[in-house]
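Notes to accompany the following structure.
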Amino acid sequence: MAKVNENYNKLPGSYLFSTIAKKLAAYQEAHPEKNMIKMGIGDVTRPLVTAVVEAMHKAVDEMGTAEGFRGYGPEQGYDFLRNKIVEKDYAGLGIEADEIFVSDGAKSDCGNIGDIFDLDNKVAVCDPVYPVYVDTNAMAGRAGEYIGGHWSNLYYMPCLAENGFMPELPKEKVDIIYLCFPNNPTGVAATREQLKPWIEYAKQNGSVILYDSAYEAFITNPEVPHSIYELEGAKEVAIEFRSFSKTAGFTGTRCAYTVVPKSLVINGTALNALWNRRQCTKFNGVPYIIQRGAEAVYSDEGMKQTRENIKYYLENAKIIRDGLTAAGLTVYGGENAPYIWAKTPDGMGSWEFFDKLLEEANVVTTPGEGFGPSGEGYIRLTAFSTKENTIEAMERIKKVLG
Ligand code: MLT
């Protein structure tokens with residue numbers, strides 16, 4: 001008889017954002033007249049910029065000609081995009097094109113990267129955390145048992161107001177460390193000084209840092225590095241994930257990339273070679289048309305236009321910070337990230353506050369507890385709505401809390 005992967009049966013409930021989508025759908029069905037404002041899942045609303053759209057159109061036309069048609073592309077991504085990424089995102093950092101692996105998303109890469117690691121690795125995650133890191137390790141059987149809101153084999157690094165939402169170095173030896181800065185969900189960003197000890201720790205303990213940098217485009221503070229490779233020694237210990245989703249509005253078109261430096265070698269094995277092997281076997285590359293669109297993000301026009309969108313979202317973030325503060329809430333993040341992390345009022349539970357805002361303000365947020373036990377007592381809002389909806393949402397929340 002076939003046997004299922006029992007690890008899936010250990011997972012609590014459904015994926016966080018599916019749960020929220022279901023709750024919203026149920027509420028909307030019962031109250032079709034309500035105009036809901038979505039500030040839950042971090043999905044963009046600004047359209048693709050002109051430079052990207054034009055490049056994609058051109059690529060579609062090419063594909064319709066005998067000379068320009070392309071079938072399977074290289075699993076690692078086309079050279080034109082890999083070279084552009086190296087030139088524009090890693091100038092002066094010594095990253096080479098064959099260390100870049102273009103993919104359909106940082107979410108998939110963060111989840112799939114576990115394929116190249118043994119099950120017998122101690123994994124450290126921040127708490128609260130982007131649920132993909134935890135759930136995919138649980139699916140693989142690396143997380144142990146789910147008991148009282150915690151996975152028995154994971155090492156949790158609480159990120160609380162008391163430590164400025166910065167994880168502390170593990171007090172025991174861990175093998176794999178997920179770090180995400182600017183952070184999802186808290187919206188805080190780590191400076192070079194704050195990241196340095198992590199490189200040291202990884203070197204001393206032979207650990208690998210999985211650095212999720214999907215929100216680097218939102219960095220405004222010059223002390224915050226855009227890439228982990230700005231830190232000396234990082235190429236020997238870290239893998240970096242980047243995405244065009246939030247940077248250039250590719251959540252629907254899908255394009256991202258992962259950097260696996262060749263100098264990252266564990267016990268004589270280069271992780272670059274393993275990831276390459278994994279991708280060649282399980283992945284057939286991102287569509288040519290999409291990669292041409294991603295390449296256009298780096299053109300002068302593309303850069304200018306995408307920067308304008310980022311500015312727009314950062315202005316929304318400020319509206320949210322100011323609005324929630326005026327409503328009497330304590331807020332964090334939103335200055336180098338599209339996420340605002342807010343303390344619930346009067347010690348209210350995060351799901352309770354989520355429901356209150358859903359039903360009374362008709363604003364969808366994300367309950368902090370969905371990101372881990374230390375997220376209890378917080379909610380997350382995204383700055384990815386339209387400006388009009390962001391302003392309206394703040395008015396409604398002020399009224400509800402006023
Ligand atoms: C989020 O809301 O945390 C993100 O949109 C999820 C994702 O990027 O997969």
Side-chain angles (χ1 to χ4, degrees), residues 11 13-24 36-46 103-114 125-137 139 159 165 178-189 210-218 240-258 286 294 309-310 313-314 316-317 320 332-334 336-342 350-351 354 357-358 363-372 374-375 378-386 389-390 393:
L11 290 164
S14 62
Y15 181 59
L16 173 62
F17 294 106
S18 318
T19 309
I20 292 169
K22 267 188 230 141
K23 269 191 167 251
L24 171 62
M36 308 301 293
I37 299 180
K38 295 180 195 159
M39 302 176 102
I41 189 164
D43 196 2
V44 292
T45 52
R46 305 288 294 159
S103 77
D104 68 340
K107 177 182 182 177
S108 1
D109 284 357
C110 286
N112 293 331
I113 198 76
V125 290
C126 291
D127 173 25
V129 72
Y130 180 40
V132 173
Y133 316 149
V134 171
D135 287 7
T136 55
N137 274 290
M139 287 168 176
C159 298
F165 301 101
Y178 287 84
L179 293 178
C180 171
F181 291 112
N183 188 257
N184 178 12
T186 65
V188 303
L210 300 177
Y211 194 75
D212 185 349
S213 187
Y215 302 96
E216 63 78 30
F218 294 83
E240 178 162 287
F241 305 94
R242 290 263 193 117
S243 174
F244 293 93
S245 283
K246 317 293 157 75
T247 306
F250 275 55
T251 52
T253 34
R254 312 303 308 150
C255 196
Y257 64 86
T258 287
V286 174
N309 283 350
I310 301 285
Y313 293 133
L314 281 172
N316 283 350
I320 299 171
Y332 306 92
N336 294 283
Y339 296 124
I340 291 87
W341 191 239
S350 62
W351 278 104
F354 166 88
L357 293 180
L358 182 80
V363 174
V364 187
T365 60
T366 308
E369 206 228 328
F371 296 102
S374 297
Y378 292 89
I379 55 157
R380 192 196 76 174
L381 289 92
T382 83
F384 289 123
S385 280
T386 61
N389 276 349
T390 305

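Just so you know, ligand 1 is whichever comes first in the structure, and atom 1 is the first atom listed for that ligand. Just so you know, these numbers use all the heavy atoms, side chains as well, and skip hydrogens, waters and symmetry mates.
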Identify, with sequence neighbours excluded, every residue that meets side chain to side chain donor-acceptor pair (under 3.5 Å) alongside S243. S245
Heavy-atom check, side chain of I320 versus side chain of M39, under 4.5 Å: yes
Close residues (non-hydrogen atom under 4.0 angstrom from ligand 1) work out to F17, I41, G42, K107, Y130, N184, Y215, K246, Y339, R380
Please verify the inter-ring angle class for F218 with Y215; under 30° counts as parallel, over 60° as perpendicular, anything in between as tilted.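 The rings of F218 and Y215 sit tilted, inter-plane angle from 30° to 60°.
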How long is the span from the CG atom in N336 to the CG atom in L314, to the nearest 0.5 Å? 8.0 Å
Just checking, is any N or O donor in the side chain of Y378 or Y332 under 3.5 Å from an acceptor N or O on the other one?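 No, no side-chain donor-acceptor pair sits under 3.5 Å.
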Between S385 and T390, is there a side-chain donor-acceptor contact under 3.5 Å, judged purely by atom types and distance? no
